[in-house]
Amino acid sequence: MLVFCGVLCIAGCGKKDETMSEPTKQVEATPEPTAEPTVTPEPTATPGSTATPEPTATPEPTPTPVPEYAKDAWFGFGNGADMESVANEVEIKAPAAYQYKKKDVTYGEIVKTKYYSTTCERDKNVIVLLPAGYTEEKKYPVTYILHGVFGDEKSMIGDGNSGIRIMVGNMIEKGIAEDMILVFPYMYSSKTQPACTAIDHENMAAYDNFVNDMSDDLMPFIEENYSVATGRENTAVVGFSMGGRESLCIGFSRPDLFGYVGAIAPAPGLTPGKDMYLDHIGTFKEEELAFANESPYLLMICSGDKDSVVGEFPKSYHNILTKNEVNHIWWEIPGSDHGDPAISSGIYNFCKSVFKNLQE
């Protein structure tokens, strides 16, 4: 606020007042300092609640590689059971996950035993592989697995870390294959000598004679001593090389006993033909490879496309069956010679397909 002051004059009676006071000086008032306005502090913001972080997404599991199916697997509609659904699921190579021993899998018990063969008039060795958890309270289907020429009952079961015992055990544990008893026989069936000595007609006839040993001696022994589900719907046979030839021989000779038949790289001699070793007479004529009444639920043949031992004979059997309108499944394993991966491919595909209640 500004303050204003006037000048004061005093008049006397004719005489000047000597005591006239000094004029009053105007004093400028010192302005009062303008007070700085008090700034009302902004209210302290109440901190918002800390946002809960988004949960870390669980990573998607790595997808299992899609199996490579045998797109060129042949299947026809001839005289036999409908196998088309099985043919569509044939995998060219057995997945590696099933081929090696695992710490968390219990594998079946190996039983090494003997039975008396009236066919050979002597005791013969056989290995019986019982499934894990085997019990007499349950009846099990049976698969007979046949070895190659010069082999024996030990040839096909594997070394304990891989092979058929391990692969089928893994498949059963994962539910890919049914619980089953596997039987590994010694095929050679001669009354005059205990083992194959050469690739000649006499020795080949002893292998063909196994069909009698199988039906008359081995199968009754297995059914008497183990908890077996009987009947062709519960009985399978599969073999490699000479064992493949004999599994076909057995399948066509006794379709009343075997509902499932598999042949991996089957050897020459099932029908007439000549290879590097022998001019084969043939167990059957080509036109005889057919089923008059009963036919298998499943008939499989496979071979490596680079097989230097049996060559084109497996494919020739496929062609004969095609001509005779016999339902079967046929595929080749690319790059395989006479052994793996053809053996593992055949065993894997056969064992995952048997005892599945296929319809005729």
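This is a predicted model, so every value here is computed, not measured.
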>> I want to check something: taking the side chain as every heavy atom from C-beta on, are Y348 and P95 in contact at a cut-off of under 4.5 Å?
In response: yes
> Any side-chain heavy atom of R165 within less than 4.5 Å of one from L182?
Replying inline: no
> Considering only heavy atoms from C-beta outward, does the side chain of V354 approach that of V238 to under 4.5 Å?
Replying inline: no
> With under 30° as parallel and over 60° as perpendicular, where do the rings of F252 and F291 fit, or are they tilted in between?
Replying inline: parallel
> Yes or no on side chain to side chain contact (heavy atoms under 4.5 Å, CB included) for E121 and Y116, after CA distance, side-chain angles and deciding distance?
Replying inline: CA-CA 7 Å; E121 297 180 348; Y116 183 76; 3.9 Å; yes
> So do the side chains of E153 and P185 get within less than 4.5 Å of each other, counting heavy atoms only?
Replying inline: no
> Are any side-chain N or O atoms of Q99 and backbone N or O atoms of A94, one a donor and one an acceptor, separated by less than 3.5 Å?
Replying inline: yes
> Among Y98, Y100, Y107, which residue meets the side chain to side chain donor-acceptor pair (under 3.5 Å) test with N170?
Replying inline: Y107
> Is the backbone of T230 close enough, under 3.5 Å, to the side chain of N234 for a donor and an acceptor to pair up by distance?
Replying inline: yes
> Would I145 and L129 count as a side chain to side chain contact (heavy atoms under 4.5 Å, CB included) if you check the C-alpha gap in whole Å, the side-chain angles of each, and the deciding distance to 0.1 Å?
Replying inline: CA-CA 11 Å; I145 300 182; L129 178 61; over 6 Å; no
> Between K102 and D104, does at least one N-O distance fall below 4.0 Å, as a salt bridge requires?
Replying inline: no
> Would E332 and K315 pass as an ion pair if we require N to O under 4.0 Å?
Replying inline: yes
> Is there a donor-acceptor pair closer than 3.5 Å between any side-chain N or O of S345 and the backbone N or O of A342?
Replying inline: no
>> Quick check: do F184 and I164 have side-chain heavy atoms less than 4.5 Å from each other?
In response: yes
>> Taking the side chain as everything from C-beta on, heavy atoms only, tell me whether V326 gets closer than 4.5 Å to S295.
In response: no
>> One thing to verify: whether D217 and K124 come together as a salt bridge, which I'm taking to mean a side-chain N less than 4.0 angstrom from a carboxylate O.
In response: no
> Under 4.5 Å between any side-chain heavy atoms of M204 and I281, yes or no?
Replying inline: no
>> Salt bridge or not between K323 and E287? Use side-chain N to carboxylate O under 4.0 Å.
In response: no
>> Just to verify, which of K114, K154, K112 counts as forming a side chain to side chain donor-acceptor pair (under 3.5 Å) with N125?
In response: K114
>> Quick check on the 6.0 Å ring-centre criterion: do F210 and Y188 meet it?
In response: no
>> A side-chain contact here means heavy atoms from C-beta on lying under 4.5 Å apart; do L321 and L299 qualify?
In response: yes
>> For Y186 and H147, take the angle between the two ring planes, folded into 0 to 90°, and tell me which bin it lands in: parallel under 30, tilted 30 to 60, perpendicular over 60.
In response: parallel
> side chain to side chain donor-acceptor pair (under 3.5 Å) between Y134 and E136: does it pass, once the steps are laid out?
Replying inline: CA-CA 7 Å; Y134 172 82; E136 295 287 339; 3.1 Å; yes
> So, Y260 versus F350, ring centres under 6.0 angstrom or not?
Replying inline: no
> Is the backbone of P266 close enough, under 3.5 Å, to the side chain of R245 for a donor and an acceptor to pair up by distance?
Replying inline: no
>> Please check this pair: side chain of D337 against backbone of S308, looking for a donor-acceptor N/O pair closer than 3.5 Å.
In response: yes
